[in-house]
Structure formats: C-alpha cells, structure tokens
Protein chains: 2
Amino acid sequence: MNSVPPNPNSNSTVSNGGAAEPSAGSAAAPSPTFSPLYQQIKALITQSLQSGEWKPGELIPSEVELANRFKVSQGTVRKAIDELAAENLVMRKQGKGTFVSTHHEARAHFRFLRLMPDEGVPHYPESKFIEVKRMRAPADVARLLDLKSGDAVIFIKRVQSFDSLPTIVEELWLPGMTFKGLTAERLVEYKGPMYGLFESEFGTRMIRATEKIRAVCAGADDAELLHVPVNTPLLASERVSFTYGDKAVELRRGLYSTERHHYHNELN
Amino acid sequence: MNSVPPNPNSNSTVSNGGAAEPSAGSAAAPSPTFSPLYQQIKALITQSLQSGEWKPGELIPSEVELANRFKVSQGTVRKAIDELAAENLVMRKQGKGTFVSTHHEARAHFRFLRLMPDEGVPHYPESKFIEVKRMRAPADVARLLDLKSGDAVIFIKRVQSFDSLPTIVEELWLPGMTFKGLTAERLVEYKGPMYGLFESEFGTRMIRATEKIRAVCAGADDAELLHVPVNTPLLASERVSFTYGDKAVELRRGLYSTERHHYHNELN
DNA sequence: GAGTGGTCTAGACCACCCG
DNA sequence: GGGTGGTCTAGACCACTCG
C-alpha cells in the first residue's frame, strides 16, 4: 500500500515563488506571496474571457481539456471554474459544458434591475430616449469613472416604462473611449437590456456594480417625465458599474417612482 | 498501477434511494430524488447548529472528526462546510478550526445594516426605545410572519442615531412565542446589535432577510422623531428576517433619513 | 455511447496557529 | 510538533445531454 508517486507538484506553466526544483525538502522559503494554483488558473481563464477568446454565450473548453492545456489536474481547474461561476462570469450546465455568461438571457436581466412590481410578475421595461450626446466629463462624473475632468463621455437620458407607465428616469455617463460609435439610432433600434448591447457591440461586459440609494423629492422636469406631482418622493440611485479588472465603465443616476414598484434586496 | 479498491461507495448512516448493495452495476433506478452525499452532511450539520449542539461563536468539530462521525471522506464534509461558510452560517479560520457564526462581531454588524454615512467610517448607531409592548398581530403582520391574525406579537418602536443625530425610526414585530420574556428593560440595558441579543437570549439566529424599499414623505410624528421638516423624503424599508428552515421571525419597518447617509448595495 | 459536468474517495503536502 | 483548514492530485463512478 501507499506507493503513490512522489507527486512532484507537477511543474507547469504556472507556479509560485520557485521555478521548479520540487525535490529537496527544506530549501526556498515558502514564497512570501503565495497564490494557490487554482487562483492562477482562474486568472488565466479570466484573461481569455476578457480578451474575447471565448465570447459571451459561447461554450468554453471542457474541464479535462483545460486541465491538459494548463498541465494541472481536473480538480484544480474545477475549483477555478467554481469561483468564476459563483461570480457569474460563467455558467455551468451539466452534460453540456461551461458557457460564458451573457446579459442576453432572462436570468441576467434582474441581476442589476432591482425594481420589482408590487403585484404581478417582474418583466423588463420599455425605454424611451430623451437625449443622447457626447460631452466633456464634469468633475464628479470623471472622478467616479476614473477619468480626467474634461475627458470625452457619452451622456444618455431615458425614461423607462412598465406597462406604458413611466417609472424610471435615468441619466447615464459612459467613457467615450470605450463606447466609441454609440449613437442614439443604435440605442433606439436595439431591443433588450442595454448591457446586452454594450457586450455585443462594444465588447464591454458589466461584471458588478455598487449602488447608493437615497430618497428625494421630484423636481418639475422629472415629475413631468414620470407623470407624478411635483415633490412626490422618489428613490434616487447612483450606480457605478465595473467590467473586468474592476474598471469603472458606467455611471448611472436613476429616479424611481415607487407608487407601484419597490426596490427589492436580499440580505444574506 | 491502477489497483484502487473497488470503492464500495462506503455505505453509511446517510444514503440515497437504495439502502446499501452497491455491488451490481445495473440494479435499482438511479433514485428519482437524488441528493448528493455532501448535501445530506450539510443538512446534518445544519441540524446540529439549529439544535444548539454547537452554539454561536463556538468551535465545531474538525473536518476529520466530522468525516469519521458521518463515515464519509474529509473531502465530502469539506464541501458541505464550504457551502455553510458561503451562507455565513459558519466561519473557517485556517489553523484554528471552523466556528459557528455569531452576530456579536464587527464583521456581522453591517450584513443587515446597509445605511452608510456619506462621509467617514461606518459605525453602529445608538438606540433609543420609544415603545415596547405585547399585542395581537394585525392581519398584514400576521401574514408576513406566517402567524394567525390575532396571535401574540411583541411590538418595538425605536429611534437610532449616528453621532447623536437621529437617522432611523423603526417598528419591529416579533412572534410572541419565539421571544417570550423579551422586555423593554432587557432591550435598553443590552449593548450591541439586537440580533446579538436574539441569538444569545432567545436562541434565534437571523440567517437572511428580504427587503422592500420605497420613498415616502415624513409624517408629523416621524419628522419630529428624526428632527426633519414634515414632508422630507425618506427611505421606507420593509424587512422580513428568517431563521433556520426559512422561518420568518421578524418584521421590521424602518424610515431612514438620507440627508447624511445612503443605503448601500452591491450588485453581483 | 461518448462527452460533459458533478460527486466521492484516498492520500500527500502546504500554510497557519498555538502551546 | 501536532492540529486545523487549504491545496493538489489521480482515479472511479454517477447524472445529464445529445446524436
């Protein structure tokens, strides 16, 4: 019994401190910056996602294939993919394979849209665009998007309606660099969530976002757009969305009418 | 090579459809209700948590010990504990062991309190209790807490202040059954988050919650309590909190002043 | 039946903590 | 130095999908 091969830590493309030489038992400090193998694999897979080697909606190579490619065991790439799945970058489907997540799916639509109807089933709103223009980033926008004040940004203002009832008025700022060529026409003709368009047309996938929410009173303009009396209380949300590498690529300020809807949240 | 023992699926306390008999290869349908071993282990561990065999803050048995107890491999209990840790029921500490999570820790305090200061570091507010009484559950409260209308509930109203500035006014309803003996005195003298008291004194641990958020205008009473003008816009939150077994054990309705604070959320 | 993800095991070794 | 969680491997088998 117990005659397993010495497990030479399978040298490979990736490693920690030392290059190879796993033989002796007491040499080389345990590497001050220790990073597990599966984290390195995860980073490599993430790179392939970011670079577009595997596009949203597509099937990525199987676990065994990736294990061979990276010269590690299947269990290790498995753990890497587990984390990517937990972060919604990838979706596993037993018997079929692992797919790159996409914002073109019913499942993804309510990951960022948290406004739910008080009654009835959630559904996606229709958009009406009020304004789309290129401009220079104001100081506050520049700061949140990690740009320089005065850098080119695209500004979008729209109203979203559920069952023809205007409920959300939103202003968006996007880095001009990243969204070169985004036009009002393209926005209007596009059906489905805006993040789907960003992903398909500009190769920019929203990964996560942070949101700050307040209560405010409706001003005259917004009251008119939302068909509510002036001074109606509204939810005000400020959202910054991030793509790969924690890069901020969208600032979105929304006003939500909460007459027939509420902001839904799960605390875990 | 390749002379591993036949892996008799190690019969055990737990199992799926068939009792044992893992020998033949083609008998017994693959059990219509298949539940992985690690899920069964997870359920068993959860039972021990719920029953109080291991109390909040305490060390639970080591992975190898649990593996022996349940007659499974360490890897299997590991996967079970992984999920419990992901659900915040348990906390792993390398080199020390696995501990039952508790609401008495700085880490846990902001899991349910999402109101953050616009500037400065988050800290926990001071409470001032306005009212504590036993009453019969109104219909809407009964429905949300899964009680019968008229069942005994405890009603609590309090104001919470950050740096002596009143910011939150909250009304809570708790099932009288679960929180027998909860008094105003006990609440007042207790320092720290209320969920800590619930856990220590009543053996009821809050696991998760759902929240619905709206914008409203301050009425006269609430405006006075929060030191804001009447009709100031406020965030209104309705939270239902759950303990083990998805049992609702708290209804909390809060009004938040968002002059100097905001509701913070992460979208993943 | 072949391929993919999902489960389970057994064993080795590593990083971390503490007495 | 011994215990605990954390990583990694290798291999077997299961559940699911699809042609």
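Lettering follows sequence order; numbering is per chain, from 1. Just so it is clear, the structure is predicted and the values come from calculations on it, not from any experiment.
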Please state how far atom CZ in A:Arg78 lies from atom C1' in D:dG6, giving the value in whole angstrom units. 18 Å
Atom-to-atom span, CD of B:Glu63 to P of D:dG5 - whole angstrom: 5 Å
Aromatic plane relationship, A:Phe198 with A:Tyr195 - under 30° parallel, 30 to 60° tilted, over 60° perpendicular: tilted
Is the CG atom of A:Asp146 crowded by more than 12 outside heavy atoms at less than 6.0 Å? no
Which of D:dT4, D:dT9, D:dC8 is nearest the side chain of B:Val64? It is D:dT4
DNA chain D-proximal residues of residues 51-62 of chain A, any heavy atom under 4.0 Å: none
Which distance, rounded to the nearest 0.5 Å, do you find between the CG of B:Leu115 and the NE2 of B:His262? 8.0 Å
Non-neighbouring partners of B:Arg186 that pass salt bridge (Lys or Arg N to Asp or Glu O under 4.0 Å), sequence neighbours left out: B:Glu189, B:Glu201
Nearest whole Å is fine: how far is C:dG5 C1' from B:Phe34 CZ? 12 Å
Rounded to whole Å, how long is the line connecting atom CG of B:Leu37 with atom P of D:dC14? 13 Å
Residues which pass side-chain contact (heavy atoms from CB on, under 4.5 Å) with B:Phe99, listed by chain and number, not counting sequence neighbours: B:Leu59, B:Lys93, B:Lys96
Take the protein atom CZ of B:Phe99 and the nucleotide atom C1' of C:dC17, then report the distance between them rounded to whole Å. 10 Å
Please confirm whether the shortest side-chain N or O distance from A:Thr98 to OP1 or OP2 of C:dG5 is below 4.0 Å. yes
Taking salt bridge (Lys or Arg N to Asp or Glu O under 4.0 Å) as the definition, give me every residue that meets it alongside B:Lys42, ordered by chain and number, with sequence neighbours left out. B:Glu83, B:Glu87
Starting at atom CD of A:Gln74, determine the distance to atom P of C:dG3, rounded to an integer number of angstrom. 14 Å
Any salt bridge linking A:Glu199 with A:Arg205? Criterion: basic side-chain nitrogen under 4.0 Å from a carboxylate oxygen. yes
Could you give the CZ-to-C1' distance, from B:Phe70 to C:dT7, as a whole number of Å? 18 Å
Looking at residues at least two apart in the chain, or sitting in another chain, which of them share a salt bridge (Lys or Arg N to Asp or Glu O under 4.0 Å) with A:Glu65? none
Quick one, A:Asn265 and A:Leu267 - any side-chain contact, counting heavy atoms below 4.5 Å? yes
Could you check how far NZ of B:Lys42 sits from P of C:dC8, rounded to whole Å? 13 Å
Of the residues in residues 79-96 of chain B, which ones touch DNA chain C at a heavy-atom distance under 4.0 Å? B:Lys79, B:Gln94, B:Gly95, B:Lys96
Looking at D:dT7, D:dT9, C:dC8, which one has an atom nearest to any side-chain atom of B:Ser73? C:dC8
